[in-house]
Enquirer: 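Okay, here's the structure, questions in a sec.
Each chain gets a letter, A, B and so on, in the order its sequence line appears, and its residues count up from 1.
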Amino acid sequence: MHIVLDASGPDAVQASTIGDDVSPPPADRRVLARSELAAFVRAREAEEPRPRWVWSDSRVWYAPLLAAGVRVERCVDLRLCHAILRASSFTAGTALAAAPVGPWDTAVTIEQEAHPDAHTALFELDAPAPGATPSALDEFRQQQEAVAASSDPGRLRLLLAAESAGALIGVELRHAGLPYSAERHDDLLTELFGARPAYGRPAVLEALVAEIRAGLEAPDLNPDSPPDLLRALQRAGIMVTSTRSWELRRIEHPVIAPLLRYKKLSRLLAANGWAWLDSWVRDGRFRPDYVPGGVVTGRWATRGGGALQLPKQVRGAVVADPGWKLVVADAAQLEPRILAGLSGDQAMASAGRGKDLYEGIVASGAVEERAQAKVAMLGAMYGATSGESGRLMPRLARSFPRAVRLVEEAARAGERGEIVTSRLGRSSPPPGGSWRAAQGAASASDSTAADERRARTLARDWGRFTRNFVVQASAAEWALCWMAELRNRLAALAPGAELTDAPHLVYFLHDEVIVHTPEALAAASAEAVVAAAQQAGRLLFGGFPVDFPVTAAVVDSYAEAK
DNA sequence: CACGGGTGCGCG
DNA sequence: AAAGCGCGCACCCGTG
C-alpha cells in the first residue's frame with residue numbers, strides 16, 4: 001500500500017491511498033491541515049501493513065516529521081527515483097525517459113535557489129508550493145509504468161527502494177547527529193596550536209612561518225600562496241615543479257621540515273579548526289548536511305561540514321554518550337568484491353573468501369605481496385596505465401580474466417561515448433557536447449594531429465570514468481542495501497522507541513557506518529551490522545558466492561576503531 | 001566586491 | 001611511490 005503526499009495549499013496536504021496497482025483512482029483521498037500531518041503519519045505507521053509513503057523529497061517531508069517524533073519505515077523519494085529512471089539504460093524508450101526536461105528534473109535547483117543556506121533550511125523547508133511541482137501521484141504512476149516497462153524491473157525496484165531508504169537515512173543522520181565532543185576537539189587544537197587566538201594565525205603557525213621565511217630568505221613570503229611559495233623555493237635552489245607535500249617530502253633541505261609541518265597544521269586549522277567547531281558542532285552533536293545520491297555514481301555527497309572528509313586526526317573527538325557505545329563498521333575491500341560479483345569471477349570471489357581479499361590474491365599466485373595485490377586491483381578499477389600498477393595488470397588479467405574483462409569493456413564503451421550501467425540499473429551520464437565536438441573534429445577530413453591527440457586524451461579520460469563508474473556505482477548500491485537492512489534490524493532491536501532512544505545510525509562514509517547504541521544493545525547492533533552486509537550481498541548478487549566481510553568494533557571513540 | 005578557476009589536501 | 005576514479009572545502013588570484 002502507498003500513501004502519496006501532495007502539497008495542496010500553503011497549509012494543506014493531500015493524502016491519497018493507492019494499492020500496488022497504481023492506475024485505479026485512490027481508494028482514499030483526504031485533505032489534511034499541515035498541523036495534522038504528523039499525527040496522521042504516526043497513526044498509519046502503527047497499523048499493519050505499514051504504508052510506503054510517496055513524496056517529492058524526503059528532506060522536505062521527513063525532517064519535520066522526525067522533529068515531531070514520528071519515524072516512517074519506507075518511502076519513495078520521487079525526486080531521487082526520477083533521476084535514476086531518466087538516465088537508466090533499463091528504462092530507455094519509456095515515456096518517462098523520453099519526456100522533455102520537466103520540473104522533476106530541476107526540482108533540486110529550484111529548492112537550492114529558494115533556500116541557498118541549506119544548513120538552516122533543512123528544518124524550515126516547506127513542501128513545494130502548489131503549481132510549482134506537478135502532482136506527486138501522477139509522477140509516481142509514470143515512474144511505476146517506466147519500471148514495469150523496463151528491461152529489468154526487479155533490479156530497478158530494488159535500486160529505487162534502496163535509494164529511497166538512503167534518503168530517509170540521510171535525514172535521520174542529520175536529525176540524530178554524530179556524537180561529538182567539542183571539548184576533546186578543542187583540547188586537540190589547543191595542544192597543537194596553543195590557545196585560540198582572538199584573530200589571525202596561532203602563535204605556533206606564526207613561528208613556523210618565520211622559520212620558513214628565514215630558511216628561504218623570503219621575508220614577505222605567504223606560504224599559503226602556491227605561486228609565491230614555488231618562486232621562493234626555486235630562488236633558494238630547491239628545484240620542484242609544484243608545492244605539493246609529496247613532492248617536497250623527497251627534498252633534503254632544512255626548510256622542508258617546518259614547511260611540511262606548517263602545511264599539515266594550517267590545513268587542519270582551515271578545515272577543522274575552531275571556526276568549523278563553532279559552525280558545525282552544537283550540543284554534543286556534529287550535524288553535517290548529507291546529500292544522498294549527490295554524486296553521479298550514486299554515492300552520497302555532503303554540503304557543508306565536510307562530513308565525508310573528517311580527518312583521522314580528529315576522530316578521537318567522536319565519542320559515545322555515557323552508557324552508550326559506538327559500533328564502528330567498515331566493509332573490507334568492498335570495491336574488488338563488488339567487481340568479483342559483477343563479473344561473476346569465481347577465482348576472485350574465492351580469493352576474497354574469509355577475510356582479506358588481497359592476501360587471497362597473493363595466495364592465488366597472481367602476485368607476490370599484499371601491497372602489489374592492492375595496487376594492481378586499484379589500477380584495474382581506476383585505469384592505471386603506468387607505474388607499478390600498470391605493469392601488474394597483465395598478471396592480474398591472467399588470474400582473473402572475467403573481472404579484468406568487465407572493467408576493460410566498461411572503459412572501451414566510455415571511449416566510444418556510450419553509457420554504462422551499474423548492477424541495479426544506475427547509468428552513467430553521456431559525455432557532454434564539448435567531448436563529442438572534440439571527437440567529431442578528430443574524425444573530420446581536415447583534422448590536425450593536435451585534434452586527434454586531444455580527442456584521444458578525452459576519450460581515454462572518459463573511459464577511465466566509465467570503467468570506475470560500474471564498480472563505484474554498484475558499490476554504492478551495496479552500501480545503500482547494507483544501510484537499509486541495518487536500519488530495519490536496528491529498529492527491530494527496540495520496537496516503538498524514538499530514533500535517538502534506541503540503536504541508530506549516526507555516520508556513513510561510502511563503505512563505513514557508525515551506530516550509536518545503548519551499551520546493552522551494542523553486541524546485538526554489531527551482529528546486525530554483519531548480518532545486514534551478508535543480506536546486501538545476496539540482494540545484489542543472489543546466490544553468487546562472493547563474501548562481504550565487515551569489521552564491527554564496539555568502542556567509546558571513533559579513534560579506537562582500526 | 002563577487003565570482004569562478006586553479007591548487008592543494010582531506011576522505012573513500 | 002606519487003598515477004589512475006569519485007568527491008568537498010579553503011584559500012589564492014585573475015577577471016569583470
Enquirer: Reckon A:Gly305 touches a base, only the sugar-phosphate, or nothing at all at heavy-atom distances under 4.0 Å?
Expert: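 Sugar-phosphate, backbone atoms only, no base.
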Enquirer: Closest approach to the side chain of A:Gln309, judged atom by atom: which nucleotide of C:dG4, B:dG8, B:dG10 is it?
Expert: B:dG10
Enquirer: With no angle test and no hydrogens, is the base of C:dG8 tied to the side chain of A:Arg303 by a donor-acceptor pair under 3.5 Å?
Expert: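 Per atom types, no contact qualifies.
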Enquirer: Please classify the nucleic acid contact of A:Asn222 as base, sugar-phosphate, or nothing, using heavy-atom distances under 4.0 Å.
Expert: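 Answer is sugar-phosphate: A:Asn222 comes under 4.0 Å of backbone atoms only.
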Enquirer: For A:Leu310, which contact category applies under a 4.0 Å heavy-atom criterion: base, sugar-phosphate, or nothing?
Expert: sugar-phosphate
Enquirer: Which nucleotide, B:dG8, C:dC13, C:dA3, lies nearest any side-chain atom of A:Ser225?
Expert: C:dC13
Enquirer: Check every strand shown and say whether A:Val471 touches a base, only sugar-phosphate, or nothing at a heavy-atom separation below 4.0 Å.
Expert: nothing
Enquirer: Report which part of the nucleic acid A:Arg464 touches: base, sugar-phosphate, or nothing (heavy-atom distance under 4.0 Å, all strands).
Expert: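 Result for A:Arg464 = sugar-phosphate.
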Enquirer: Tell which nucleotide pairs with C:dG4, taking only Watson-Crick or G-U wobble pairs whose two distances are both under 3.5 angstrom.
Expert: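 Here C:dG4 is not engaged in any pair, so there is no nucleotide opposite it.
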Enquirer: Heavy atoms only, 4.0 Å cut-off, all strands: where does A:Arg250 land among base, sugar-phosphate and nothing?
Expert: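 Since only primed, P, OP1 and OP2 atoms lie under 4.0 Å of A:Arg250, the category is sugar-phosphate.
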Enquirer: Which one, C:dC12, C:dA2, B:dC9, comes nearest to the side chain of A:Arg244?
Expert: B:dC9
Enquirer: Nearest to the side chain of A:Val296, heavy atoms from C-beta on, is which of C:dG6, C:dG8, B:dC9?
Expert: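 The answer is C:dG6, which lies nearest to the side chain.
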Enquirer: Under 4.0 Å, heavy atoms only, any strand: does A:Arg267 hit a base, just the sugar-phosphate, or nothing?
Expert: base
Enquirer: For a quick check of understanding: with a heavy-atom distance under 4.0 Å over all strands, which category does A:Arg460 fall into, base, sugar-phosphate or nothing?
Expert: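 If one applies the 4.0 Å heavy-atom cut-off, A:Arg460 turns out to touch nothing in the nucleic acid.
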Enquirer: For DNA chain C, whose closest nucleotide is more 5', that of A:Arg249 or that of A:Tyr382?
Expert: A:Arg249
Enquirer: Are A:Trp274 and A:Phe193 side-chain neighbours, meaning at least one heavy-atom pair lies under 4.5 Å?
Expert: yes
Enquirer: Less than 4.5 Å apart, any side-chain heavy atom of A:Tyr507 and any of A:Leu326?
Expert: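 They are not in side-chain contact.
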